[in-house]
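One structure is given below, encoded as structure tokens.
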Amino acid sequence: MNKNMKRILFILITFHLSLITSFAQNPSWVKKAANAVFTLKTFGADGQLLASANGFFINENGEAVSPFTPFKNAQRAVVIDTQGKEWPVESIIGANDMYDVAKFQVTVKKPTTLTVAQTAATTGTTLWLLPYSAKKVPTCEQGTVSQAEQFQSAYTYYTLQMQADDQHSGCPVLNEAGEVIGMLQPAAGGQEPSAYAVGANFAADIKTTGLSFNDMALRSTQIAKAVPNNYDDAVLSLYVALSFMNANEYSEYINRFIAKFPNATDGYIYRARQSASEGNFDSADADMKQAVKVAEKKDDAHYQYAQMIYQKAILQDNQPYEPWSLERALEESKEAYAANPQPVYRQQQAQILYAQQKYAEACNIYLELTKSNLQAAEMYYAASQCKVQMDDKKSAVLLLDSAVNQFTKPYTRTVAPYLRVRAQLSMEIKRFQQAINDMNDLVALIPGNPELWAEKASYEIRVNLIDQALESAAECLRLNPEGSDGYLMSGIAQCQKGNKEEGLKNLQKAKELGNDQAQTFIDKFSK
């Protein structure tokens, strides 16, 4: 055998031995476990690649974990499995910026998964780094735990005696049984013969809650947010998400809620509200019918349906939609009451009747409800407003007396709205002393409100309590020297008292500050 043949034979034998040695280093579980590892790629709004990392699947539902950093400012993400197939990231479940961990949902059917170890590795334990490898069995890097530090009481952060670099970021680190212990985080620059790993159970335990939209980490990515698995959290998230999403994002989020909870009314109701706000009443009506159909509590679904129709009639009356009449709202409200006779449903009926200008019927219901568990003062107030519309202001004031009588002295601010309306109506029916007394109570309750002091001064002028009116106007000016009301009331009171020179100056000042009434009084007192 010549020298060249010997050399070739030596190379072949050496290569063969190196392959045997390489595969001998791999534990038996590597071939299957490798299919759970993938490459993650994220993209910006412009479609350009932002970042790459590795990750792995943790359950057959398509939930996966990886470093969080690639998701920052990303609008879209995909994973590429070991067969080269690309799968979209559907939503992000949660993230932790401090430990650089993300958990997310991938649109994939029954992926190969890794089992998360329930017991932490201890110092000296042998572990294997399982890298991503396309269409071939990877060679594991073996190492040991040099330090295991506990954090948040239930999780472990590992320092590993292991050679790894940035291309291994997010790869799983497994124990002898093939259970994933942690997610690799290489040492800076990959120069040291060591690396770090955050406990895999920490990543796996991340979940979405009703308040996840307040999380600064999640707000730093444009990837769709997952709907919580817990129903109560999911319902809360529907409300919270309104403050953080645009209309299209919110519409998609509601659709994901409905997909997860198809027999819950909340998703259909929220989607109906959004459709109604956009003037798409056919879609809103279809969703509300579905809400009634799937509802476990039929009364609440009918109530919500009635409320939506009622609000459309009040707030969007310029957008005609024949099926949604006030009469239809009343029918839905009566269905709610028939299913469960709650006072709040009767209150809704009274509101609808009021909107239909059926004031006597509405008033009777409100008076009936003063004996219910609803706040009696509010019911008396609502009944009084019906009487105002019926042009029976004396009865309206008597009902306001009943509203105020629900409170005991010394009054708190809760009574203020009732006192103010009673003062206004009392002036109209010439119950002047009652009006003045109510205004005195009001400014005592809310002394820092210049508008109330101006209103008080105007009442005092009307009953010729000029000195008191001057004091009230002066307090209004003290609280708001740049406002016109104080100058107007001071000017009128001074002119009434005979001091026209000063009075007209104050009226002129009120005019300069934009008061529309000032000129009328200037003309009156200049004669």
Side-chain angles (χ1 to χ4, degrees), residues 269 272-273 276-277 279 281 284-285 288 291-292 298-407 414-429 431 438:
I269 291 170
R273 287 174 183 166
S277 70
F281 300 113
D285 193 55
M288 289 311 301
V292 171
K298 298 294 184 185
D299 57 309
D300 183 66
H302 283 295
Y303 170 78
Q304 297 289 350
Y305 203 171
Q307 194 67 10
M308 197 170 296
I309 297 172
Y310 167 70
Q311 289 178 340
K312 187 267 172 200
I314 300 301
L315 303 176
Q316 296 171 276
D317 60 337
N318 61 332
Q319 296 177 269
Y321 182 64
E322 189 174 343
W324 279 17
S325 63
L326 284 170
E327 192 58 42
R328 174 68 186 284
L330 189 60
E331 289 171 6
E332 289 295 332
S333 187
K334 287 179 178 179
E335 288 281 355
Y337 191 76
N340 186 10
Q342 293 297 311
V344 69
Y345 302 152
R346 286 289 280 164
Q347 181 185 19
Q348 184 185 59
Q349 291 169 35
Q351 291 169 336
I352 296 169
L353 288 166
Y354 186 95
Q356 291 180 300
Q357 300 182 15
K358 297 177 180 179
Y359 302 119
E361 292 179 56
C363 184
N364 288 337
I365 294 177
Y366 284 127
L367 291 175
E368 164 199 320
L369 291 173
T370 60
K371 300 176 179 65
S372 72
N373 60 0
L374 299 179
Q375 191 181 68
E378 187 177 333
M379 297 304 104
Y380 279 120
Y381 170 79
S384 77
Q385 294 306 295
C386 294
K387 290 295 186 181
V388 169
Q389 294 300 324
M390 295 162 68
D391 201 25
D392 185 358
K393 293 180 180 178
K394 287 185 178 180
S395 294
V397 172
L398 292 176
L399 288 168
L400 285 169
D401 289 344
S402 296
V404 173
N405 288 340
Q406 303 304 308
F407 303 90
T414 311
V415 75
Y418 307 109
L419 290 175
R420 190 171 188 180
V421 174
R422 186 171 70 173
Q424 292 166 349
L425 281 176
S426 292
M427 286 299 294
E428 292 183 32
I429 64 170
R431 279 192 5 174
D438 283 344

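Not measured: the values here are computed from a predicted model. What you see below is based on every heavy atom in this structure, not just the backbone, and it leaves out hydrogens, waters and symmetry mates.
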Please report the closest heavy-atom contact between [X] and [Y], naming both atoms and the distance.
X	Y	result
Leu369	Ser372	O-OG, 2.6 Å
Ile309	Ser325	CG2-O, 3.3 Å
Ala284	Ala276	CB-N, 3.9 Å
Tyr418	Ala377	CE2-O, 3.7 Å
Ile365	Leu353	CD1-CD1, 3.6 Å
Ile352	Ser333	CD1-CB, 4.2 Å

State, yes or no, whether a side-chain contact exists between [X] and [Y] at a heavy-atom distance under 4.5 Å.
X	Y	value
Gln385	Val421	yes
Glu378	Gln347	yes
Gln389	Tyr354	yes
Val292	Glu335	no
Gln342	Gln348	no
Gln375	Tyr380	no

When rounded to the nearest 0.5 angstrom, what is the spacing between [atom1] in [X] and [atom2] in [Y]?
X	Y	atom1	atom2	answer
Asp299	Gln304	CG	CD	10.0 Å
Met379	Leu367	CE	CG	10.5 Å
Asp285	Trp324	CG	CH2	6.0 Å
Leu399	Cys386	CG	SG	9.0 Å
Leu400	Asp438	CG	CG	9.0 Å
Leu326	Ile314	CG	CD1	6.0 Å

Taking only residues two or more places apart in sequence or in another chain, which ones pass side chain to side chain donor-acceptor pair (under 3.5 Å) with [X]?
X	answer
Ser384	none
Lys394	none
Gln349	Arg346
Glu331	none

Under 6.0 Å from the NZ atom of Lys334, do we count more than 12 heavy atoms belonging to anything else shown?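 Check fails, neighbour count at 12 or below.
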Are there more than 12 heavy atoms of other residues, nucleotides or ligands under 6.0 Å from atom CG of Asp317?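 It does: Asp317 CG has more than 12 such atoms within range.
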Report yes or no: is the cationic atom of Lys312 (NZ for Lys, CZ for Arg) closer than 6.0 Å to the six-membered ring centre of Phe281, at no more than 45° off its axis?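 Lys312 over Phe281 ring: yes.
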According to the ring-ring contact (aromatic ring centres under 6.0 Å, His included) rule, which pairs have a member within residues 301-320, sequence neighbours left out?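 Sorted pair list: Tyr303-Tyr345.
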Go through the steps to decide whether Leu398 and Lys387 satisfy the test side chain to side chain contact (heavy atoms under 4.5 Å, CB included), and finish with yes or no. CA-CA 10 Å; Leu398 292 176; Lys387 290 295 186 181; over 6 Å; no
How would you list, by chain and number, every residue that makes a salt bridge (Lys or Arg N to Asp or Glu O under 4.0 Å) with Arg328, sequence neighbours excluded?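 Once residues adjacent in sequence are excluded, the partners of Arg328 under the salt bridge (Lys or Arg N to Asp or Glu O under 4.0 Å) criterion are Glu332.
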